[in-house]
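Step one of this worksheet: look at the structure below.
A note on names: the letters A, B, ... follow the listed sequences, proteins ahead of strands, and every chain is numbered from 1.
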There are 2 protein chains.
Amino acid sequence: MSLRHAVLAALLSGEYSGYELAKAFDVGVANFWYARPQQLYLELSKLEKDGLISGREVVQRTRPTKRLFMVTDAGLAELADFAAAASKPSFIRDDLLVKVQAVDHVDAAPVIAQLEQRAAAATAKVEILDKILRRYRGDLDEETYLRHGSPIGPYLTCLRGRRFEQEHHDWCVRAAELLRDRSLV
Amino acid sequence: MSLRHAVLAALLSGEYSGYELAKAFDVGVANFWYARPQQLYLELSKLEKDGLISGREVVQRTRPTKRLFMVTDAGLAELADFAAAASKPSFIRDDLLVKVQAVDHVDAAPVIAQLEQRAAAATAKVEILDKILRRYRGDLDEETYLRHGSPIGPYLTCLRGRRFEQEHHDWCVRAAELLRDRSLV
DNA sequence: CTACACATGTAAACGGTTACATGATTAT
DNA sequence: ATAATCATGTAACCGTTTACATGTGTAG
């Protein structure tokens, strides 16, 4: 039951609609969780029903009406409890790794192609994350921001996401290269 | 539906029982997937029913009787199809990241404690993975093994796991340090 | 005789994905 | 008109987790 807390944590940064959250969770900035839009709308309904967030309608001239949500005091208390409770260990679950694991026994060509696609996608995400990090830092250099800047939480998760994508990219490139060389023998 | 393929890929390395797979998937070596024992037993039943693996009973004097499984030709064909199909993008889903995301708004102390626990766990896992990598390599240096050694698939996934754990460790240590320093202000 | 590691499962509940569905507004 | 983007949902299905359950053999 952690999407619940991921949404709460995301809403600490400001008021967002389901649609805005969906973009952040689904596309680029999912540096600390990932979810489909449908799931977010569902979760937002539940959170509102439980009084952990409150929504307000915003009528727009130029766009359809949307509902913005903010964390309530009850929501903040729930998050505090969650933060103090034990975490599950993190683990990788990745289709592509399963394919690489099997690559000695199946045709390597499609696996190589997918590694190269992934590498490209990872590069794109690194760039997005770099932009976000720069926006947080403003004029400060990273060291200074880490010591005194604010907010620190989102900056740290963003850093983690950035490194994950960078690592993923490097590994994909290396693996593709090696498998390609071996295929030529 | 990827545990299915993860199990198939794992069984390419030899015959394993549910219990043996459980240890590999659950504890240290889950470098390409993760699953609970119960789920593995269930999945093995399904795979056998579908003819993708075949099991044989092994009566042991010193231990309870177990069932060892191996991939059938149909299973290998299934894996080949899977490897050629498109992969879903990989993403992080981690409780602890959610907590760090919220750390500006909740008590940092328990989050710091959890970061330190995670760092220690990651170090332990790095050591396990290093051992496995050395066992694969034997006398060869890494570069040579990557170019000519066999199997290459499991070695590459193991390398990915190792780097993931190392990164995770480094990030946890750094984040804990920073949050600790900030708490003292 | 007790604790531990080996060995294998079932059932209920939960969380996440996929498919389906709708409608407003703006730009082309 | 039509496509694209903004905006929000429901329902069925599937995969995962949690809790429950059982039994063998070894070592202390």
Counting side-chain heavy atoms from C-beta on, which of D/dT8, D/dT26, C/dT25 comes nearest to A/R63?
->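 Minimum distance to the A/R63 side chain belongs to C/dT25.
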Options C/dT8, D/dT8, D/dT5, nucleotide nearest the side-chain atoms of B/Y41 =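 The answer is C/dT8.
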Upstream residue (5' side of DNA chain D) when A/Q60 and B/R61 are each assigned their closest nucleotide |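 Of the two residues, A/Q60 wins.
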Residues A/E167 and A/R163 bridged, charged N to O under 4.0 Å |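 Salt bridge: no.
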Indicate the ring-plane relationship of B/Y145 and B/Y155, choosing parallel, tilted or perpendicular according to the 30° and 60° boundaries.
->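 If you compare the ring of B/Y145 with that of B/Y155, the planes turn out tilted.
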Can you tell me how far [atom2] of [N] sits from [atom1] of [X], to the nearest Å?
X	N	atom1	atom2	value
B/E43	D/dG15	CD	P	8 Å
A/K46	D/dG9	NZ	P	14 Å
B/L21	C/dA7	CG	P	12 Å
A/F69	D/dA7	CZ	P	13 Å
B/E20	C/dC6	CD	C1'	10 Å
B/Q39	C/dA12	CD	P	18 Å
B/R36	D/dA21	CZ	P	19 Å
A/R93	D/dT17	CZ	C1'	9 Å

Applying a 4.0 Å non-hydrogen cut-off, can you work out what [X] is touching in the nucleic acid: base, sugar-phosphate, or nothing?
X	value
A/T62	sugar-phosphate
B/S2	nothing
B/S45	nothing
A/T65	sugar-phosphate
A/R4	nothing

Any side-chain donor-acceptor pair under 3.5 Å between A/E57 and A/T65?
->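 On atom types as modelled, these side chains do not qualify, holding no pair under 3.5 Å.
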Distance-only polar pair, side chains of B/R118 and B/Q114, donor-acceptor under 3.5 Å =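 Judged by distance alone, the side chains do not pair up.
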Geometric cation-pi criterion B/K99 and A/F82, 6.0 Å radius, 45° cone =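 Geometry flag: set, cation within 6.0 Å and 45°.
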Under 4.0 Å between a side-chain N/O of A/Q38 and OP1 or OP2 of D/dG9, yes or no?
->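 No.
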Distance below 4.0 Å between A/Y19 side-chain N/O and D/dC6 OP1 or OP2 |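 Answer yes for this pair, as a side-chain N or O of A/Y19 is under 4.0 Å from OP1 or OP2.
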With DNA chain C as reference, determine whether B/P64 or A/L42 sits nearer its 5' end, using the nearest nucleotide of each.
->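 Whichever sits nearer the 5' end wins; that is B/P64.
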